[in-house]
Amino acid sequence: MTNEKENIVDSSVKKTEEERAVIVRTLRLIKEYKMGSVTTQALRGVDMIIYRGEMIAVMGPSGSGKSTFFNMIGGLDSPSRGRVFIDEVDVAQLSAVELAFLRCHKIGYIFQSYNLLRYMTALENVTAPMVFAGVVEKEAQERGMDLLGLVGLADRWHHKPIQMSGGQQQRVAIARSMANNPTILLCDEPTANLDLKTGREVLDVLVKLNKERHVTVICATHDHRMLNICDRMMWIRDGQIDRIKTRSEVNIEVGSIDGELE
Amino acid sequence: MKTDKKEKIVIENQVRLSTKRTLQISINGIYYRLFRSLVTVAIVAVAVAFMMYMLANSLIGRAVYVESHSNAIEYKVYERWLDWIGPDIDDIDIFRTLGSSSIDDYRVQAIAKWGKIDEDTLKKIMLSAQRSEPYFVYYDELSPGKKYLMAGGIPTGEFFVYMADKKNAAIFKERLEKSGGLTFPGSFDELVQLSNFYISQADIWNNVSSGRTEAINALKAAYSAKSFSEYLADPTDALTGDFIKFGFADSNVDLPLIYSRAKTAKDVRRLNDLLRQSNFRRELSQEMGISNLSLDMDAFAKFYGSKKNQEKFQALVKRTGVNFSMDPDRIEEILKDSQLKQRVMEVEQKTLAYSRGKFGFSIGVIWLIGVSFIVCIVGITNAMLMSVMERFREIATMKCLGATDSLVMSMFVFESCIQGVVGGFLGAILALLLSISVAMIQYGASVLPVLPYDDLGISTLIAMGIGVVLAALASVYPAYVASRLAPMEAMRLE
């Protein structure tokens, strides 16, 4: 890691949150996609530190590599080069079953297209990760109902995804992501498919989780409402970190960056 | 900040679910996608059913052929025997009779007597005749086109005479070599040698021919000028004795059966003659309510089925005053018999394709079974590949939620095995019922006791097994690939 990059990261946070522990650290992260003879670099050496309990937005135009970055730190895709550490554990060193454990217990995922299992009811979707974790059925159902209550959908537990609106589906997905009480919540454009009102509801739930349960929320997003919510924002452009700002810094400069966000 | 969130992340191995739990999840999965699963099961069932139907159909065909062939032989005994005593036997028939009978057969003994052949010569000729038989069968089974090309289209009876000619033999040899693929029984040289042997025994054939004619003439003299069939229908002990004396039968020949068939044939002929008399025919067809032209034995047999119609028929005979008297029950009996005979012959003809070749099936039938097998493989593979590949996103999602590779794999293996078993079972049973029903329609309900239940049972198991194994194989590979990919890569594949 270069000192220069570390300084950028540190200078933005150190002053206020000095004792915060690092939860995700990436080191010279590179991802290449081969399309026949052409090699495209989606990530071109990303160094990043994310602290425990913070809410961070990863922003950038489409094709900038933010989804790729998101997949790398979630252990959903393997980097071509470079490393991802989650709480000082090198993800690349994990075996398949350890990766499954990580995804099951420590990270919750929220996707732009919800990715609910469409044949299952809301409750069954929420309890699926518990089933994979070997939780007994009764306990899983109780916890599942609690989580549905948390996102305000307890009365819709028996509905299939197709019977619910986009916002409701996304809230089910959030409840599911919290199934095994993860430390990190990874959200890939959680509000992109939603209208303003339902998007707001989803964001509220995310904030609630961050504030009340102290989950580290990492959001890849286009949504400018994130500006008011997130502790920090990180811009990716052409597979590299463009800049990282704290909320207070952004609020001051809000006029100048608004155009860039839309 | 809650204390538990400050804990260091400790990575363990993901728990391994028990087989029972995995099976439960798989069954739940099938239940969730019941309709889609049923579609897959249906495709597997149809593919297995297609193959099973072809297989069962062929097995049933073969069994029915064997049965109807042995029944037909009973009906044919009379005609064959009549041939042996008739004028159409020529030298090659004698030769082939020697090749296909044992030495104590009455025909062989008679031939030896007629031809004044001593025992050593007889044995020599019989051996050559036995060796010649495959060549006759070979030539017999050639297509008319091939016969024409290779031997100028001469009938089987003249084959050896033709081949004994050096020029002809040379042409035959050339064409045989060119045709390549034909399976020739034995060697060309042996064929020529046997042909020459046959020609060289011309004296013996002449002796046999004249000896046989003498014997027939002696028989004819004893029984006036009437045809044998008349005597056969009303036999005496003297007749039986004479047949044996002149070399046309021995105690092994079922003469009573021949007599009874001759009697039936005579009665059928009499009935036929009656139906042909124009006056009576006109009256009867009016009585039956059908056109004059469509009155035949079949129609009459149908009409004669009821007691009321039998009385009508008898009344008509009396009214028209035709010269015909036969017991009503006897009429019913011979009508039934002639229908049964017709039926047996028909069934034998229909199932001829299942009578020869490998496993008793002709080349055409083996092709059909082979093609149905390929269709089955392609159908099942396609169905299973589709059902796995359309779920790559689901696999990816499950992996995001913490499903291990082995869990994903086991789920797909269980699921496809269940689908394969159900589909294979349904398909095989369906095809079995269908093929039995078709056989009953085709050959009549009397086919039921003839069916090869053992073979059908084994082939049902084979068809089911193929269904299960193919279903499992075709889904395991893509599931294996998908389960080992990183979730995002699996999603990209979709």
Side-chain angles (χ1 to χ4, degrees), chain A residues 21 23 33 52-53 67-68 70-72 74-78 86-89 91 93-109 111 113 115-121 124-125 128-135 160 176-177 179-181 183-184 186 212-216, chain B residues 1-18 20-22 24-26 28-37 390-411 415 480 483-494:
Chain A
I23 188 127
Y33 291 113
R52 201 180 267 274
S67 283
T68 312
F70 164 91
N71 292 338
M72 294 298 141
L76 300 183
D77 211 345
S78 45
I86 293 181
D87 209 5
E88 298 310 314
V89 176
V91 174
Q93 301 292 319
L94 295 179
S95 69
V97 275
E98 285 170 335
L99 259 179
F101 179 88
L102 178 75
R103 292 181 195 131
C104 190
H105 294 265
K106 300 301 171 189
I107 305 178
Y109 303 88
F111 301 93
S113 49
N115 280 4
L116 294 178
L117 299 166
R118 62 194 166 106
Y119 303 101
M120 298 185 183
T121 63
E124 284 162 345
N125 263 291
M130 303 184 207
V131 171
F132 295 141
V135 177
K160 298 246 169 99
R176 182 180 69 179
S177 70
N180 290 323
N181 227 357
T183 319
I184 304 166
L186 278 171
E212 291 176 9
R213 299 201 170 199
H214 308 286
V215 182
T216 311
Chain B
M1 211 177 261
K2 270 193 208 165
T3 47
D4 66 313
K5 289 295 159 197
K6 282 214 162 177
E7 269 173 21
K8 207 167 163 51
I9 293 181
V10 181
I11 306 291
E12 301 163 24
N13 282 344
Q14 175 71 306
V15 290
R16 229 191 126 81
L17 298 182
S18 68
K20 194 183 152 200
R21 187 83 182 103
T22 312
Q24 205 180 342
I25 294 174
S26 311
N28 276 345
I30 293 179
Y31 175 71
Y32 289 137
R33 290 177 308 277
L34 196 57
F35 181 73
R36 186 65 185 84
S37 298
E390 70 189 10
R391 289 169 63 193
F392 273 12
R393 175 170 288 269
E394 198 185 321
I395 292 175
T397 306
M398 287 195 298
K399 287 197 69 174
C400 288
L401 302 180
T404 56
D405 300 359
S406 63
L407 177 69
V408 172
M409 271 291 287
S410 326
M411 278 175 63
E415 199 181 304
Y480 173 77
S483 73
R484 288 180 60 98
L485 287 174
M488 279 304 136
E489 284 169 8
M491 280 198 195
R492 266 201 301 277
L493 275 182
E494 207 182 43

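Sequence lines set the chain letters: A, B, ... in the order given, protein chains first and strands last, and positions in each chain run from 1.
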Hey, which of A:Val131, A:Thr216, A:Leu76 has the most heavy atom pairs under 4.5 Å with chain B?
A:Leu76
Highest number of heavy-atom pairs under 4.5 Å with chain A: which of B:Lys399, B:Arg36, B:Arg33?
B:Arg33
Could you grab the distance from atom CD of A:Glu98 to atom CD of B:Glu12, nearest 0.5 Å is fine?
9.5 Å
Sort out for me which of B:Pro487, B:Ser18, B:Ala486 touches chain A most, counting heavy-atom pairs under 4.5 Å.
B:Pro487
For A:Ser95, which atoms come within 4.5 Å of any heavy atom of chain B: side chain, backbone, both, or neither?
side chain
Nearest 0.5 angstrom please: B:Met398 CE to A:Phe132 CZ, how far?
5.5 Å
How about B:Arg484: does its CZ atom have over 12 heavy atoms from other parts shown lying under 6.0 Å from it?
no
When rounded to the nearest 0.5 angstrom, what distance separates CZ in A:Phe111 from CE in B:Met488?
4.5 Å
Mind listing the closest non-hydrogen atom pair of A:Cys104 and B:Gly402 along with its distance?
CB-CA, 3.5 Å
Of all of A:Ala179, A:Ser67, A:Ala133, A:Ser177, which one pairs up most often with chain B through heavy atoms under 4.5 Å apart?
A:Ala133
At a 4.5 Å cut-off on heavy atoms, which part of B:Arg16 comes close to chain A: side chain, backbone, both, or neither?
neither
Using non-hydrogen atoms only, which part of B:Asp405 is less than 4.5 Å away from chain A: side chain, backbone, both, or neither?
side chain
To the nearest 0.5 Å, atom CD1 of A:Ile107 lies from atom CG of B:Leu401 at 12.5 Å
Heavy-atom proximity to chain A below 4.5 Å, by part of B:Leu34:
neither
Chain A shares the most heavy-atom pairs under 4.5 Å, among B:Thr397, B:Thr404, B:Asn28, with B:Thr397
Taking every heavy-atom pair that is under 4.5 Å apart, which of B:Cys400, B:Gly29, B:Ala396 has the most such pairs with chain A?
B:Cys400
Toward chain B, the part of A:Arg118 with a non-hydrogen atom under 4.5 Å
neither
Considering all heavy atoms of both residues, which atom of A:Ser113 and which atom of B:Arg393 are nearest to each other, and what is their separation?
OG-NH1, 3.7 Å
Can you establish whether the number of heavy atoms outside B:Tyr480 located under 6.0 Å from its atom OH is more than 12?
no
Contact class of A:Leu117 relative to chain B, heavy atoms under 4.5 angstrom:
side chain
Cut-off 4.5 Å, heavy atoms of chain B, and the answer for A:Leu116 is neither
Looking only at side-chain N and O atoms, does B:Glu394 offer a donor or acceptor that is under 3.5 Å from a partner on A:Tyr119?
no
Any non-hydrogen side-chain atom of B:Ile11 less than 4.5 Å from a side-chain atom of A:Gln93?
no
Side chain from CB out, backbone as N, CA, C, O: work out which of these in A:Tyr33 comes under 4.5 Å of a heavy atom of chain B, or both, or neither.
side chain
